[in-house]
2 protein chains.
Amino acid sequence: MAQVFASEIDADACSTECLHPEAIAPLLGRSLGADGARAVGDLFATLADPSRARIVHLLAITEQDLCVCDIALVLGMSVSALSHQLRFLRERGAVERRKVGRMAYYRLVDDHLRHLVLDASTHIAESVA
Amino acid sequence: MAQVFASEIDADACSTECLHPEAIAPLLGRSLGADGARAVGDLFATLADPSRARIVHLLAITEQDLCVCDIALVLGMSVSALSHQLRFLRERGAVERRKVGRMAYYRLVDDHLRHLVLDASTHIAESVA
DNA sequence: CGAATACTTGAGCCATTGCTCAAGTATACT
DNA sequence: AGTATACTTGAGCAATGGCTCAAGTATTCG
């Protein structure tokens with residue numbers, strides 16, 4: 001298990017009195033390190049933008065793959081903006097492209113992302129009720 | 001269930017030929033609308049920054065609440081930067097503050113967020129292996 | 001009271017980001 | 001070949017975000 005540890009603590013950094021050594025001692029090796037935090041941040045950044053959330057959600061509820069033009073129509077986005085975001089998603093391994101003639105069909109390949117976006121949207125729909 | 005629907009489709013927007021009406025017809029009412037997308041985006045934006053991911057992760061693995069100074073020490077962040085992020089998290093209902101004298105103790109109150117960050121960090125630790 | 005501590009907050013800075021616009025590539029049609 | 005279609009990409013721009021720095025509040029101590 002590739003646990004990512006925090007960088008070593010600079011114990012003299014703080015002005016002593018406010019610390020609770022007994023509280024933080026058990027946490028010292030377990031906090032997210034810089035690499036892990038960046039990876040977690042990147043994962044959630046994928047869905048942190050409304051446009052990408054809509055794209056990923058749409059692909060998550062679709063059985064077949066969709067061409068850029070269809071996605072643009074359904075979401076009401078410009079083809080250019082969509083293509084930029086699809087590139088972003090593709091570089092992060094979230095979606096895959098299948099080219100047929102001059103069309104490009106995209107589908108969601110990251111199942112973790114599918115569950116995240118579907119859970120989140122139902123969770124939000126409930127809490128708004 | 002407060003399902004959020006996409007804005008109505010401007011069917012004439014696209015230059016006809018590339019569309020797959022049979023593919024997009026079943027999707028038309030089910031895509032994430034602007035409000036839902038913003039809500040989903042806000043949820044994931046909470047964890048989309050490495051610093052916030054570390055803060056939320058730390059509070060997620062901690063039973064008791066922690067004072068600002070302790071968090072700053074464990075994460076190696078400046079107190080000011082930390083306070084800004086804690087304010088961000090507090091305004092979104094992710095964490096709560098308990099004041100004792102001149103200290104402020106924070107704890108995670110959003111269980112959805114706790115599961116998200118813990119699932120994500122284990123998921124990432126596995127995939128890095 | 002005044003000084004120190006623990007935290008908060010506003011201003012400003014630099015980096016990032018999501019978009020539009022214009023141009024570019026690749027495939028299909030005639 | 002030439003044009004049209006489907007998508008991609010780079011440049012540039014306005015908006016956002018996270019940080020530092022400095023100042024401010026509130027509580028404690030002497």
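All chains are named by letter (A, B, ...) in the order of the sequence lines, taking the proteins before the strands, and each is independently numbered beginning at 1.
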When rounded to whole Å, the CD1 to P distance for the pair A:I71 and D:dA6 reads 14 Å
note: A:L82, atom CG; D:dA6, atom P; distance rounded to Å ~ 14 Å
Touch check for B:R97, heavy atoms < 4.0 angstrom, all strands: base, sugar-phosphate only, or nothing? sugar-phosphate
* With a 3.5 Å cut-off and just heavy-atom distances, do the side chain of B:S80 and the base of D:dC19 make a donor-acceptor pair? -> no
B:R54 atom CZ is separated from D:dG18 atom P, nearest whole Å, by 15 Å
Looking at B:H84 and D:dT20, is any side-chain donor or acceptor paired with a base atom of the opposite kind under 3.5 Å? yes
When rounded to whole Å, the CG to P distance for the pair B:L66 and C:dA6 reads 16 Å
Whole-Å distance, B:M103 CE to C:dC7 P, equals 7 Å
Looking at A:V79, is its backbone amide N or carbonyl O close enough to the side chain of A:S83 to form a donor-acceptor pair, meaning the two atoms are under 3.5 Å apart? no
Do B:Y106 and B:L118 land in one hydrophobic cluster if side-chain heavy atoms of ILVMFWY residues count as linked below 4.5 Å? yes
Please tell me if A:Q85 has a side-chain N or O lying less than 4.0 Å from either OP1 or OP2 of C:dC19.
yes
note: A:F88, atom CZ; D:dC7, atom P; distance rounded to Å ~ 21 Å
Need one value for B:R52: base, sugar-phosphate or nothing, where a base atom within 4.0 Å counts as base even if backbone is also close, heavy atoms only. sugar-phosphate
Closest to the side chain of A:S83, out of D:dT8, D:dT20, C:dC7, is D:dT8
Item to complete: For B:E22, look at atom CD and say whether over 12 heavy atoms of other residues, nucleotides or ligands are found less than 6.0 Å away.
Response: yes
| Is a donor on one side and an acceptor on the other found under 3.5 Å between the side chain of A:R92 and the backbone of A:L43? | no
task = Indicate the ring-plane relationship of A:H112 and B:H123, choosing parallel, tilted or perpendicular according to the 30° and 60° boundaries.
result = tilted
*Within the pair A:R87 and D:dT9, is there a side-chain N or O less than 4.0 Å away from OP1 or OP2?*
yes
Nucleotide by nucleotide, nucleotides 25-30 of chain D touches protein heavy atoms under 4.0 Å in the pattern (B base, S sugar-phosphate only, - none) --BS--
Quick note, B:S78 side chain, CB onward, closest among C:dT8, C:dT20, D:dT20 is D:dT20
Is the phosphate of C:dA6 approached by B:Y106 (side-chain N or O, under 4.0 Å from OP1 or OP2)? no
Separation of D:dC7 atom P from A:M77 atom CE, nearest Å, is 14 Å
Checking B:R97, B:K99, B:R107, B:R98 against B:D65 for salt bridge (charged side-chain N to carboxylate O under 4.0 Å, His left out), the one that qualifies is B:R98
When rounded to whole Å, the CZ to P distance for the pair A:R38 and D:dG18 reads 15 Å
What is the nucleic acid contact for A:V68, judged by heavy atoms within less than 4.0 Å: base, sugar-phosphate only, or nothing? sugar-phosphate
Testing D:dC7, D:dC19, C:dC7 for proximity to the side chain of B:A104, the answer is C:dC7
Flag, side chain of A:R30 to backbone of B:T62, donor-acceptor distance under 3.5 Å: no
Tightest non-hydrogen contact, residues B:R114 and B:A60, listed as NE-O, 3.5 Å
